[in-house]
Amino acid sequence: MEIRIDDLSGVEIQHLIRHHIASMLDHSPPESVHALDLNGLKQPEVTFWSVWEDGELLGCGALKELDSEHGEVKSMRTADGHLRKGVARLMLNHIITEAKNRGYGRLSLETGSTDDFIPARIMYEQCGFEYCPPFADYIEDPYSVFMTKVL
């Protein structure tokens, strides 16, 4: 598996991001969906990566700089045909390493609170993330869970 910085211009990645947002809307009301669209992912404070193998898109993830010491994991998504193959963990470890390289002291994330997000929450817990109150501009929301990891 190869991780590469992605400019979001490819058809495959655009489709995966649209699918990601649609899936979030299937599990949460619109006001509780915090996934970034293509324009949001192209902002200067966001670095976006995709995971490929043999020319096939496996997944993606992004790191958003909240400030000089705090980053946020965004847009973690594995393509449906590649679930449970370690794609998300590979991407998350890449994001954690990049956050450390940037000198961040903390890395946080928001994910869903429903049962559909249990596998993601378990992975985040296994990677050292702990539950926390809302951070940045987030507010308490019954459809959101907030997690953070001290780096």
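Given the structure is predicted, the values throughout are model-derived calculations rather than measurements.
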Task: For Ala88 against Met76, the heavy-atom pair lying closest together - done: O-CE, 3.3 Å
Could you pull out all donor-acceptor pairs under 3.5 Å where a side-chain atom in residues 142-151 meets a protein atom, sequence neighbours excluded?
{"residue": "Ser144", "atom": "OG", "partner": "Glu110", "partner atom": "OE2", "Å": "2.7"}
{"residue": "Thr148", "atom": "OG1", "partner": "Leu107", "partner atom": "O", "Å": "3.3"}
{"residue": "Thr148", "atom": "OG1", "partner": "Ser108", "partner atom": "OG", "Å": "2.8"}
{"residue": "Lys149", "atom": "NZ", "partner": "Cys127", "partner atom": "O", "Å": "2.8"}

- [ ] Indicate whether the side chain of Glu65 and that of His70 have a donor and an acceptor atom separated by less than 3.5 Å.
- [x] no
- [ ] Any chance you could measure Ser75, atom OG, to Ile95, atom CD1, to the nearest 0.5 Å?
- [x] 9.0 Å
Open item on the list: Is there a side-chain contact between Leu58 and Met1 in this structure, where contact means two heavy atoms from C-beta onward sitting under 4.5 Å apart?
Closed with: yes
Open item on the list: To the closest 0.5 Å, what do you measure between NE2 (His34) and CG (Asp141)?
Closed with: 5.0 Å
Open item on the list: Using 30° and 60° as the class boundaries, would you call the ring planes of Tyr124 and Phe129 parallel, tilted or perpendicular?
Closed with: perpendicular
Task: Heavy atoms from other residues, nucleotides or ligands near CG of Asp80 exceed 12 (cutoff 6.0 Å) - done: yes
Open item on the list: Looking at every heavy atom in both Val87 and His82, which two are closest together, and how far apart are they?
Closed with: CG2-O, 4.0 Å
TODO: Supply the atom-to-atom distance Cys132 SG to Tyr138 OH, rounded to the nearest 0.5 angstrom.
DONE: 10.5 Å
Open item on the list: Under a 3.5 Å threshold, yes or no: a donor from one side chain and an acceptor from the other, between Thr78 and Arg89?
Closed with: no
Open item on the list: For the CD atom on Gln43, are there more than 12 heavy atoms of other groups (residues, nucleotides or ligands in this structure) within a distance under 6.0 Å?
Closed with: yes
TODO: Identify the heavy atoms of Asp115 and Pro119 that sit nearest to each other, and give their distance.
DONE: O-CD, 4.1 Å
Task: For Arg121 against Thr114, the heavy-atom pair lying closest together - done: NH1-O, 3.0 Å
- [ ] Considering only Ile, Leu, Val, Met, Phe, Trp and Tyr, and joining two whenever side-chain heavy atoms are under 4.5 Å apart, list the other residues clustered with Phe48.
- [x] Leu8, Ile13, Leu16, Ile17, Ile21, Met24, Leu25, Val33, Leu36, Leu38, Leu41, Val46, Trp52, Leu57, Phe117
Open item on the list: Just so I know, are the side chains of Cys60 and His20 near enough to count as touching, which here means a heavy-atom distance under 4.5 Å?
Closed with: no
Task: Greater than 12 external heavy atoms within 6.0 Å of Gln14's CD - done: yes
TODO: Working to the nearest 0.5 Å, report the span between CD of Glu53 and CD1 of Ile3.
DONE: 11.5 Å
Open item on the list: Would you say Tyr104 and Glu98 are linked by a side-chain donor-acceptor pair, where the criterion is simply a distance under 3.5 Å?
Closed with: no
Task: Hydrophobic cluster membership, Tyr131 vs Val73, 4.5 Å side-chain cutoff - done: yes
TODO: Using atom types as modelled and distance alone, determine if a side-chain donor or acceptor of Thr97 lies under 3.5 Å from a backbone N or O of Asn93.
DONE: yes
Open item on the list: Is the shortest side-chain heavy-atom distance between Arg4 and Val51 below 4.5 Å?
Closed with: no
Task: From Trp49 atom CH2 to Met91 atom CE, the distance as rounded to the nearest 0.5 Å - done: 7.5 Å
TODO: Tell me, yes or no, whether the heavy-atom count around His15 atom NE2, taken from other residues, nucleotides or ligands under 6.0 Å, exceeds 12.
DONE: no
- [ ] Hey, could you give me the CD/CZ distance between Glu69 and Arg102, rounded to the nearest 0.5 Å?
- [x] 14.5 Å
- [ ] Kindly give the heavy-atom pair with the smallest separation between Pro134 and Glu140, and that separation in Å.
- [x] CD-OE2, 3.2 Å
Open item on the list: With a 4.5 Å cut-off on side-chain heavy-atom distances among I, L, V, M, F, W and Y, is there a chain of contacts connecting Leu63 to Ile5?
Closed with: yes
